[in-house]
Amino acid sequence: MSIYVYNTLDRCKEPLEPAVPGKIRMYVCGPTVYDSCHIGHARSVVVFDVIYRYLCARGYDVYYVRNFTDIDDKIINRANELGMTCEELAGKYIREFQTDMVSLNMQAPDLEPLATRHISQIIRIVKILEDKGYAYAVDGDVFFAVEKWLGYGKLSGRRLADMEAGARVDVDARKQSPFDFVMWKASKPGEPAWESPWGRGRPGWHIECSAMSAQYLGETFDIHGGGKDLIFPHHENEIAQSEAAFGKPFARYWIHNGFININQEKMSKSLGNFLMIKDLVRIWHPEALRLFLLSNHYRSPLDYTEQAMREAASGLDKLYGFLDRIVGCFDVWPPEPVSDPAASAQSGGEIWQRFCEAMDDDFNTARGIGILFETVRSLNREIDRQGADAVTRQPAQFTRIMDIMGIGRVLGIMAEAPQQYFARQKHAVLASQDIDEEWIQEKIHERAEARKAKDFARADQIRDELKGHNIILEDRPDGTIWKHGDGKTQV
RNA sequence: GGCGGCAUAGCCAAGUGGUAAGGCAGAGGCCUGCAAAGCCUUUAUUCCCCGGUUCGAAUCCGGGUGCCGCCUCCA
């Protein structure tokens with residue numbers, strides 16, 4: 001049973017067959033660190049995080065590299081604007097990115113290399129290309145000659161001839177072909193610069209990925225990922241550089257995630273509708289954001305709306321609501337698999353198998369989430385009928401619970417203990433308003449008294465008052481508890 | 001002009017030849033003093049339109065319509 005992935009290079013789903021059986025080497029383009037990361041970055045990063053986790057869960061030995069682009073025109077411009085050095089600026093946004101990653105419950109890649117730490121490797125590749133005749137130097141700049149490289153355009157499905165008709169770039173007169181791109185740039189005074197055979201300069205846009213992937217994953221590796229927009233020119237150029245330099249195939253599978261729209265509009269500077277991760281995770285539970293991001297196929301466009309987020313948040317509430325019903329039946333949380341080898345969840349139960357079937361089909365998380373909800377509903381039904389203790393003691397049901405936990409680990413959700421989750425949500429409700437737990441408990445007590453006295457009008461009045469504070473009461477057999485209302489954790 | 005994608009209920013969204021997952025919202029019910037949560041039932045004779053292939057198509061083929069992305073920095 002193999003995993004099928006959609007390979008941009010061939011425009012179809014193919015069985016994933018790593019070059020070395022059992023091992024997967026994966027490179028994903030990380031951010032250019034000149035500004036805060038937005039929800040689009042979040043999607044890319046979460047999608048590949050889930051792919052990484054899934055491949056690991058399926059037993060692959062995965063080596064995952066995600067770089068930082070810490071030198072580039074945008075960084076230089078921004079640093080100049082702010083009166084900072086490029087290094088300071090990059091450092092600031094790298095730290096911010098790491099904070100975002102933690103808040104999104106991301107698993108760290110095995111390696112997160114920086115472009116500026118690989119200058120000698122970059123120079124080496126440019127030199128190879130120059131020596132092989134694929135590159136030419138002009139005034140300290142070094143260009144890649146796309147017409148020399150016959151494979152150019154194979155990833156994006158373009159032909160040089162077709163593109164020239166639609167080109168609308170100011171063509172640098174020094175270029176042999178308008179699509180030649182710079183691999184090494186002569187530095188202007190005040191810009192970061194490194195010594196090179198062509199004079200003091202810095203790397204161009206695409207070369208760093210060729211250099212770092214080759215260094216850490218080899219000249220040929222298995223998976224290369226990134227956002228759809230990187231297909232052209234970034235990834236096309238990476239292929240050209242790497243394959244021309246090393247004379248062997250570059251990445252074997254190319255995976256690209258789709259874009260996010262905001263209320264059906266493209267995110268753009270002019271519309272001012274960029275949603276930053278750091279702001280989103282203050283409003284929504286990070287796992288709700290993940291659930292939203294994984295709620296449709298990674299290659300499809302995804303529309304961010306307040307309503308979609310509310311739905312994701314209430315879906316997450318439902319999942320944690322289920323966990324809350326069973327948490328008391330276990331000595332430890334998360335529950336541990338039974339040690340009986342026969343019942344071992346090594347290969348998982350039926351639910352896990354079904355989840356894998358969905359994920360094997362090009363990482364169909366939307367289908368996988370459907371299976372998750374279906375199973376939770378079914379278990380809730382059993383709990384309604386038999387009680388949580390009886391259900392959790394049944395091996396078949398226990399296996400399903402373990403499967404659910406396993407699915408949660410792949411999707412990066414349900415990572416908190418349910419008490420912790422609800423406490424966190426409650427805390428957010430309190431923090432967003434000028435009320436405290438004690439006040440609520442007083443109200444709950446007052447309502448209990450009213451109910452005891454059969455003064456239901458008063459009881460309902462109190463409940464409505466709390467509802468006005470986004471607080472919902474639940475009368476349980478063992479007393480009344482309160483929960484947050486809608487999924488927004490901050491007003 | 002070139003390349004690519006998408007069109008499934010009120011909304012979101014799976015489903016690539018065998019008779020429409022799942023979520024949200026809605027309706028009815030169980031439970032409850034009433035709620036909430038949970039559960040049950042219900043909500044597309046039908047998958048943008050028109051042809052074709054087939055015993056059989058949302059799924060394949062041809063044509064049409066509509067929407068979108070990329071070709072320029074962008075996840």
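Per chain, numbering begins at 1; letters A, B, ... match sequence-line order. None of the values given here were measured: they were computed from a predicted structure.
Between B:C24, B:G15, B:C74, one nucleotide has an atom nearer to the side chain of A:Lys266 than all others, and that is B:C74. In this structure, the nucleotide among B:C71, B:G33, B:A75 sitting nearest to the side chain of A:Phe232 is B:C71. If you check B:A35, B:C74, B:A75 against the side chain of A:Ser44, the one that comes closest is B:A75. For A:Lys13, counting side-chain heavy atoms from C-beta on, the closest listed nucleotide (B:G33, B:U16, B:C24) is B:U16. For A:Arg463, the side-chain atoms get nearest to B:G33 when compared with the rest of B:G33, B:C73, B:A36.
With hydrogens and angles left out, the side chain of A:Arg367 and the base of B:A21 share no donor-acceptor pair within 3.5 Å. In this model, no side-chain donor or acceptor of A:Arg158 finds a partner on the base of B:G1 within 3.5 Å. The base of B:G22 lies outside donor-acceptor range of the side chain of A:Glu374, with no N or O pair under 3.5 Å. A donor and an acceptor atom never sit less than 3.5 Å apart when one is taken from the side chain of A:Asp475 and the other from the base of B:C31.
Side-chain contact between A:Leu379 and A:Ile326 is absent, with no heavy-atom pair separated by less than 4.5 Å. For the pair A:Thr392/A:Phe330, a side-chain contact is recorded, criterion being any heavy-atom separation below 4.5 Å from C-beta on.
To the nearest angstrom, P of B:A14 lies 17 Å from CD of A:Glu357. To the nearest angstrom, P of B:C6 lies 16 Å from CG of A:Leu302. Rounded to an integer number of Å, the gap from NZ of A:Lys483 to C1' of B:A35 is 13 Å. Protein atom CD of A:Glu311 is 14 Å distant from nucleotide atom P of B:A14, rounded to whole Å. Across the protein-nucleic acid pair, A:His484 atom NE2 and B:A37 atom P stand 11 Å apart, rounded to whole Å. One atom, CG of A:Asp180, and another, P of B:U72, lie 14 Å apart when rounded to the nearest Å. As rounded to whole Å, 14 Å separates atom C1' of B:C74 from atom CD1 of A:Ile260. A:Asp360 has its CG atom 18 Å from the P atom of B:A14, to the nearest Å.
In this model, a donor atom of one side chain and an acceptor atom of the other lie less than 3.5 Å apart for A:Lys278 and A:Ser36. Counting only N and O atoms by type, the side chains of A:Arg400 and A:Ser378 include a donor and acceptor under 3.5 Å apart.
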Given salt bridge (Lys or Arg N to Asp or Glu O under 4.0 Å), test A:Arg447 with A:Asp475 step by step and report yes or no. CA-CA 11 Å; A:Arg447 176 166 168 273; A:Asp475 296 325; 2.8 Å; yes

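Heavy-atom nearest nucleotides on RNA chain B were determined for A:Gly157 and for A:Asn364, and the one closer to the 5' end corresponds to A:Gly157. Across the interface with RNA chain B, nearest-nucleotide mapping of A:Ser300 and A:Glu474 shows A:Ser300 to be the residue nearer the 5′ end.
Within the 4.0 angstrom heavy-atom criterion, base atoms lie near A:His38. Contacts of A:Asp460 with the nucleic acid, taken as non-hydrogen atoms under 4.0 Å apart, include base atoms. Nucleic acid contact class of A:Ala308 (heavy atoms, under 4.0 Å, all strands): none. At a threshold of 4.0 angstrom between heavy atoms, the contacts of A:Gly227 are confined to the sugar-phosphate backbone, with no base atom among them. As judged by a 4.0 angstrom heavy-atom cut-off over every strand, A:Arg66 is placed among residues making no nucleic acid contact. Residue A:Thr32 is classed as having no contact, given no heavy-atom separation below 4.0 Å to the nucleic acid. A:Ile472 comes within 4.0 angstrom of sugar-phosphate atoms only, judged by non-hydrogen atoms across all strands, and of no base.
The C1' atoms of B:U19 and B:A75 are separated by 40 Å, rounded to the nearest whole Å. As rounded to the nearest Å, B:A57 and B:A37 have C1' atoms that lie 42 Å from one another. Only the C1' atoms considered, B:C11 is 7 Å distant from B:A25, to the nearest whole Å. Look at the P atom in both B:C73 and B:C24: the space between them is 43 Å, to the nearest Å. Annotation: B:C34 and B:C12 have their P atoms spaced 37 Å apart (nearest Å). Annotation: B:G69 and B:A13 have their P atoms spaced 16 Å apart (nearest Å). Only the P atoms considered, B:U16 is 35 Å distant from B:U72, to the nearest whole Å. For the C1' atoms, the distance from B:A44 to B:G10 is 12 Å, rounded to whole Å.
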Strictly under 3.5 Å: I want the nitrogen or oxygen pairs between protein and nucleotides 38-41 of chain B, one per line.
from	atom 1	to	atom 2	distance (Å)
B:G38	O3'	A:Asn380	ND2	3.2
B:G38	O2'	A:Arg325	NH1	3.0
B:G38	O2'	A:Asp384	OD1	3.2
B:G38	O2'	A:Asp384	OD2	2.9
B:C39	O4'	A:Asp384	OD2	2.7
B:C40	OP1	A:Arg381	NH1	2.3

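Ring-centre distance between A:Phe250 and A:Phe221: below the 6.0 Å cut-off. For A:Tyr152 and A:Phe179, the gap between ring centers reaches or exceeds 6.0 Å. Ring centroid separation for the pair A:Trp439 and A:His469 comes in under the 6.0 Å cut-off.
Counting all heavy atoms, side chain and backbone alike, A:Val410 lies closest to A:Met359 at CG1-CE, 4.2 Å. Pairing each heavy atom of A:Gly226 with each of A:Phe48, the nearest pair is N-CZ, 3.3 Å.
Annotation: A:Gln176, atom CD; neighbour count of heavy atoms from other residues, nucleotides and ligands within 6.0 Å is above 12. The environment of OH in A:Tyr4 is sparse: at most 12 heavy-atom neighbours from other residues, nucleotides or ligands sit within 6.0 Å.
At the phosphate of B:A75, neither OP1 nor OP2 sits under 4.0 Å from any side-chain N or O atom of A:Asn257.
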Bracket string, RNA chain B, 5' to 3' - pairs by Watson-Crick or G-U geometry under 3.5 Å, | interstrand: ((((((((.[[[..)..(...]]].(((((.......))))).....[[[[[..)....]]]]])))))))....

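Between A:Tyr320 and the choices A:Gln425, A:Glu416, A:Glu287, the side chain to side chain donor-acceptor pair (under 3.5 Å) rule is met once, by A:Glu287.
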